[in-house]
Participant: 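Below is one structure. I have some questions about it.
Each ligand, and each atom within it, is numbered from 1 in the order the structure gives.
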Amino acid sequence: MLDLEEPLNTPRLLLRPFRTADADALFDLRSRPEVLRHLYWPPATLDGVRDVVRQRLTMTRLAVDGDCLVLAAEERATGRLVGEVDLSLVSAEHRHGEIGVILHPDAQGRGYAAEAATALLDLAFDRMGLHRVTAGTNAGNEASARALRRLGLRQEGHLRQCVRFDGAWHDELIFAILADEWRARR
Ligand SMILES: CC(C)(COP(=O)(O)OP(=O)(O)OC[C@H]1O[C@@H](n2cnc3c(N)ncnc32)[C@H](O)[C@@H]1OP(=O)(O)O)[C@@H](O)C(=O)NCCC(=O)NCCS
């Protein structure tokens, strides 16, 4: 069980719970075609994003299967919200979690995803005692696959046409890393 009381610090980011005031920045992030290109979401509306933020105000706890910790990624130097990151508890019994990272285009290509994911993996393995962490990504999402491989996750699956979105079938890649493998890299 994890109840996040303190934000997570990385060298350049603060990963902290969402606040009501984050709605505009999250709307900006979620309405960009280049961000949504490999996600299965329609472009956001401001009201929709306000609802999302409302739900997230309390998404800081991982206790039962399906719980999701969602944090805003704030650039420490500027205080600007540059992304959103999450860690879900897939199965407490099998000690399995899943991570995800979404960055604003201005914040990509700087190693921020690696920093944020490192903090999530430390949390998953060191503080929660998880055994295995996975990440799923659209098969065409090369930046995501590259980032995951660089972190040491291995591709374990290629699920053919497993998602139906926007009138088309999409393939998903599944990446994973085990606790021992993560510790060996740290
Ligand atoms: C997937 C995503 C988070 C990856 O972000 P990213 O910034 O490319 O990933 P990283 O943090 O690993 O950054 C690595 C890149 O930054 C560069 N970089 C620059 N400065 C760096 C630094 N100080 N440290 C590390 N890398 C640095 C690296 O060379 C690398 O570039 P390359 O990929 O062209 O080789 C991003 O593309 C994204 O948000 N996409 C839209 C949403 C999405 O699809 N999310 C994934 C859902 S599954």
Side-chain angles (χ1 to χ4, degrees), residues 8-16 18 22 24-45 48-49 52-53 56 59 66 68-78 80-90 96-124 132-166 168-177 181-182 185-186:
L8 304 175
N9 279 293
T10 76
R12 293 171 294 169
L13 300 174
L14 181 72
L15 307 180
R16 54 144 180 92
F18 270 85
D22 292 326
D24 287 348
L26 193 65
F27 175 66
D28 179 35
L29 179 72
R30 285 181 164 224
S31 46
R32 288 175 178 268
E34 64 271 52
V35 170
L36 300 180
R37 195 158 139 237
H38 299 292
L39 304 176
Y40 311 113
W41 303 338
T45 62
V49 166
V52 168
V53 170
R56 288 179 170 188
M59 291 175 79
C68 188
L69 170 76
V70 193
L71 300 172
E74 190 176 297
E75 193 173 44
R76 279 149 57 118
T78 60
R80 179 177 164 225
L81 188 151
V82 293
E84 51 178 291
V85 305
D86 61 82
L87 168 64
S88 319
L89 184 59
V90 178
H96 175 191
E98 184 167 305
I99 56 167
V101 177
I102 298 172
L103 291 178
H104 192 283
D106 298 350
Q108 295 176 15
R110 297 203 226 163
Y112 283 174
E115 275 188 33
T118 296
L120 294 178
L121 289 165
D122 283 344
L123 189 69
R132 172 181 167 82
V133 171
T134 51
T137 186
N138 180 285
N141 195 342
E142 286 169 16
S144 175
R146 245 189 345 264
L148 292 168
R149 284 200 179 94
R150 256 192 310 256
L151 282 159
L153 283 84
R154 115 192 99 249
Q155 187 185 320
E156 293 190 343
H158 185 142
L159 312 184
R160 306 273 171 198
Q161 301 194 0
C162 64
V163 178
R164 180 90 183 152
F165 177 72
D166 214 11
W169 291 106
H170 301 269
D171 290 9
E172 277 275 294
L173 304 181
I174 306 298
F175 288 83
I177 187 164
E181 294 167 338
W182 181 246
R185 293 177 65 87
R186 296 292 279 149

Participant: Between ligand 1 and A117, can you find any atom pair, the residue atom being a heavy atom, that is separated by under 4.0 Å?
Facilitator: no
Participant: Do we see a donor-acceptor contact under 3.5 Å between the side chains of H38 and T137?
Facilitator: no
Participant: Under 4.0 Å from atom 28 (C) of ligand 1, is there at least one protein heavy atom?
Facilitator: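 No, there is no protein heavy atom closer to it than 4.0 Å.
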Participant: Around Q161, counting heavy atoms of other residues, nucleotides and ligands shown, do more than 12 lie under 6.0 Å from its CD?
Facilitator: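 Counting other residues, nucleotides and ligands, CD of Q161 exceeds 12 neighbours.
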Participant: Consider ligand 1: state whether an atom of it lies below 4.0 angstrom from any non-hydrogen atom of G109.
Facilitator: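 Yes, G109 has a heavy atom closer than 4.0 Å to ligand 1.
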Participant: Between R32 and D106, does a salt bridge (Lys or Arg N to Asp or Glu O under 4.0 Å) hold up when you go through it step by step?
Facilitator: CA-CA 11 Å; R32 288 175 178 268; D106 298 350; 5.6 Å; no
Participant: Given G111, S144, A113, which one has a non-hydrogen atom that is nearest to atom 1 (C) of ligand 1?
Facilitator: S144
Participant: Tell me: protein heavy atom nearest atom 33 (O) of ligand 1, and distance?
Facilitator: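 Protein heavy atom with the smallest distance to atom 33 (O) of ligand 1: R146 NE, 3.0 Å.
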Participant: Taking 4.0 angstrom as the limit and counting only heavy atoms of G136, give me the atoms of ligand 1 inside it, by number and element.
Facilitator: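 By the 4.0 Å cutoff, the relevant atoms are 48 (S).
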Participant: Measuring to protein heavy atoms, does anything land under 4.0 Å from atom 39 (O) of ligand 1?
Facilitator: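 Given the 4.0 Å limit, the answer for atom 39 (O) of ligand 1 is yes, a protein heavy atom qualifies.
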Participant: Look at atom 46 (C) of ligand 1 and say which protein heavy atom is nearest, naming residue and atom and giving the distance to 0.1 Å.
Facilitator: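 Minimum-distance protein heavy atom for atom 46 (C) of ligand 1 reads V101 O, 3.3 Å.
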Participant: Please list the nearest protein heavy atom to atom 22 (C) of ligand 1 with its residue and the distance rounded to 0.1 Å.
Facilitator: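 Ranking protein heavy atoms by distance from atom 22 (C) of ligand 1, first comes R110 O, 3.3 Å.
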Participant: Begin from the C-alpha positions of R186 and D122 and carry the test salt bridge (Lys or Arg N to Asp or Glu O under 4.0 Å) through to its verdict.
Facilitator: CA-CA 9 Å; R186 296 292 279 149; D122 283 344; 2.6 Å; yes
Participant: Looking at A77, is its backbone amide N or carbonyl O close enough to the side chain of R12 to form a donor-acceptor pair, meaning the two atoms are under 3.5 Å apart?
Facilitator: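 No, R12 side chain to A77 backbone: no donor-acceptor pair under 3.5 Å.
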Participant: Going by the atom numbers of ligand 1, which of them fall below 4.0 Å from some non-hydrogen atom of N141?
Facilitator: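 By the 4.0 Å cutoff, the relevant atoms are 43 (C), 44 (O), 46 (C).
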Participant: Heavy-atom distance to atom 47 (C) of ligand 1: which of L148, I102, N138, L39 wins?
Facilitator: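 That would be L39.
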Participant: Side chain, backbone, both or neither: which part of R150 has a heavy atom under 4.0 Å from ligand 1?
Facilitator: side chain
Participant: Which atoms of ligand 1 are found less than 4.0 Å from any heavy atom of A143?
Facilitator: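 Heavy-atom distances to A143 below 4.0 Å select 37 (O).
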Participant: Can you tell which part of Q108 has a heavy atom less than 4.0 Å from ligand 1: side chain, backbone, both or neither?
Facilitator: both
Participant: Verify whether one side chain among N138 and R37 offers a donor that lies under 3.5 Å from an acceptor in the other.
Facilitator: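 No pair is found: no donor N or O on one side chain lies under 3.5 Å from an acceptor on the other.
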Participant: Which ligand 1 atoms are under 4.0 Å away from a heavy-atom of V35?
Facilitator: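 In order of number, 41 (C), 42 (C).
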Participant: Need the ligand 1 atom indices (1-based, order shown) with element for anything under 4.0 Å from a heavy-atom of Y112.
Facilitator: 11 (O)
